[in-house]
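Proteins come first, then strands; the chains are lettered A, B, ... in the order of their sequence lines, and each starts at number 1.
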Amino acid sequence: MKLRLATWNINSVRARIGIVEQFVKTYRPDILCLQETKVMDSAFPKAAFKKMGMHGIAIHGQKNHHGVATVAKSALPEMHKRDWCSEGDARHVLTPLQTARGAIDLHNFYVPAGGDVPNPDENPKFAHKLAFLDEMIDWSKDLKTPSIIVGDLNVAPLESDVWSHKQLLKVVSHTPQETERMKTMQEAHGWVDIMRRIKPEPERLYSWWSYRAKDWRASDRGRRLDHIWVSPELADAVSHMEVVEEARGWEKPSDNAPVIADFDF
DNA sequence: ATGGTGGGTAGCCCA
C-alpha cells in the first residue's frame, strides 16, 4: 500500500486555492495537510477540494489567523482537535488512518511563530511558542499509537536547516531554546525526522523563504520550518521525500514550499 | 542598522 503525504503552510487557503489545485494535479498527494488556512470552518472551500478529488476533509479553523486542514482522496471518517496551551487557537487536527500496518495517527500542527524577540520574559508570543513545544514534549512521552507529525513547526533545528547558523542563533526559529526543545521532543518519543533520513546533514534543506527578499531564489536565505516526523516503527516505510521548491516560485506563492513523503506500508 | 512583503480585515495584527 503506497501513500503519498504532503504538508504545506499555504498562508490563506482561499487566496491560494489556485496553486493548491496546481499542486494536487501535479504531485497527486493522497493526503495533504495544510496550515495557516486563515478561514472559519463555515467558509472553507470544500467544493474546490472535492472537485480536485479530495473527498476527505478534516478542518480546524478560526477567523482571521492560524487554522489547519487535512484533506485526502479517501474519506477521513474521524477527526479530533486539541486546544494546545488552552489558547483557543486552531493549530492542530488529528485524523486516524487505517493502513496495511494498522492504525496510524496523523497529526497536523501549526506551531506558533513566536514573534521577533527571543526572550520569553519580554515577548509573550515567544513564551507561548516555548510552552507549546513543552506541551508537545510531554504529549510525545505518552504516545502509544504509531504516529506521524507533520506541519509548520516554525523551528529550523539543525545547522544546515538555515542559510547561516551563526547569523540565526538569535533569530526566532533557530535559537538554542527552540532547537533544544525539538531535540528533546524527538527523544521523548523516538521521533524520526524523515526529511533528514532521506537528505542527511550537511545538505542544504529549506522549506521557507521570506517574502521580503528581493529575489528569494538568488539570495536563498531559507529555513527548514516544515517537518515530517514518524514513530520509529514507521521509519522504514518511507521511500521518498522532496521539498517542492518549484511551488515557491508559482504565481502569488506562499512563503512556505510543500514537503512530500512517500510511504510504502 | 533598518526595513523589506504578504493575508485578513476594517484598524492594525500577524507571519
Side-chain angles (χ1 to χ4, degrees), chain A residues 7-23 33-45 48 59-69 83-85 87-92 108-120 122-133 150-157 161-164 166-175 177-178 182 206-227 243-259:
Chain A
T7 180
W8 196 5
N9 178 322
I10 196 61
N11 187 18
S12 171
V13 69
R14 288 177 294 178
R16 278 181 241 294
I17 195 68
I19 59 169
V20 170
E21 187 180 356
Q22 185 174 352
F23 175 73
C33 297
L34 298 169
Q35 302 86 35
E36 278 207 272
T37 51
K38 294 187 173 177
V39 63
M40 286 185 291
D41 292 352
S42 57
F44 189 88
I59 48 180
H60 184 188
Q62 68 183 85
K63 196 179 169 147
N64 205 357
H65 300 304
H66 321 316
V68 293
D83 181 9
W84 297 76
C85 297
E87 292 266 337
D89 287 346
R91 295 184 177 276
H92 167 262
N108 177 358
F109 278 99
Y110 176 53
V111 171
D116 290 327
V117 179
N119 180 343
E122 292 173 16
N123 173 10
K125 288 189 217 166
F126 192 65
H128 177 211
K129 182 178 196 174
L130 297 182
F132 196 105
L133 294 171
V150 305
D152 183 352
L153 305 186
N154 264 316
V155 182
D161 291 338
V162 293
W163 62 276
S164 167
K166 203 176 155 199
Q167 288 182 77
L168 286 171
L169 272 171
K170 289 181 179 162
V171 174
V172 171
S173 72
H174 193 61
T175 66
Q177 295 175 91
E178 296 159 272
M182 293 286 269
Y206 311 146
S207 66
W208 176 89
W209 295 261
S210 172
Y211 282 127
R212 295 172 187 174
K214 277 202 184 85
D215 184 337
W216 70 275
R217 208 190 301 264
S219 55
D220 197 28
R221 296 189 165 189
R223 306 177 201 172
R224 185 169 70 108
L225 304 180
D226 301 276
H227 296 269
V243 178
V244 183
E245 291 193 26
E246 168 198 28
R248 180 63 180 79
W250 286 347
E251 182 84 17
K252 279 195 37 177
S254 168
D255 41 356
N256 299 70
V259 183

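Side-chain proximity of Y211(A) to the nucleotides dG7(B), dT5(B), dC14(B) is greatest for dT5(B). Nearest to the side chain of R212(A), among dA10(B), dG8(B), dA15(B), sits dA15(B).
Aromatic ring orientation, W250(A) versus W8(A): perpendicular (interplanar angle above 60°, classes split at 30° and 60°).
For the C1' atoms, the distance linking dA15(B) with dG4(B) amounts to 14 Å, nearest Å. Between the P atoms of dC14(B) and dA10(B), the separation comes to 15 Å (whole Å). dT2(B) sits 23 Å from dG6(B) when the P atoms are compared, rounded to a whole Å.
Straight-line distance from the CD1 atom of I10(A) to the C1' atom of dG6(B): 13 Å, rounded to whole Å. When the P atom of dG7(B) is taken as reference, atom NE2 of H66(A) falls 18 Å away, rounded to whole Å. Rounded to an integer number of Å, the gap from CG of D89(A) to P of dC13(B) is 17 Å. In this structure, N256(A) places its CG atom 9 Å from C1' of dA15(B), rounding to the nearest Å.
Each of P253(A) and R14(A) lies near DNA chain B, and the nucleotide nearest P253(A) is the one positioned closer to the 5' end. Mapping M40(A) and N9(A) onto DNA chain B by nearest heavy atom places M40(A) at the nucleotide closer to the 5' end.
Here the side chains of K125(A) and P112(A) are not in contact, with every heavy-atom distance at 4.5 Å or above.
Looking at S207(A), its side chain does come within 3.5 Å of a backbone N or O of L225(A) through a donor-acceptor pair. Between the side chain of R16(A) and the main chain of P253(A), a donor-acceptor pair closer than 3.5 Å is present.
Checking each of N256(A), T7(A), N9(A) against Q35(A) for a side-chain hydrogen bond (donor to acceptor under 3.5 Å, both in side chains) leaves exactly one that passes, namely T7(A).
Applying the 6.0 Å contact sphere to CG of D116(A) captures no more than 12 heavy atoms from other residues, nucleotides or ligands.
Taking the ring axis of W208(A) as reference, the NZ or CZ atom of R223(A) does not stay both within 45° of it and closer than 6.0 Å to the ring centre.
For DNA chain B, the neighbouring residues in residues 123-133 of chain A, judged by any heavy atom under 4.0 Å, are K125(A).
Among the heavy atoms of the strands lying under 4.0 Å from K252(A) are primed sugar atoms or P, OP1, OP2 only; no base atom is included.
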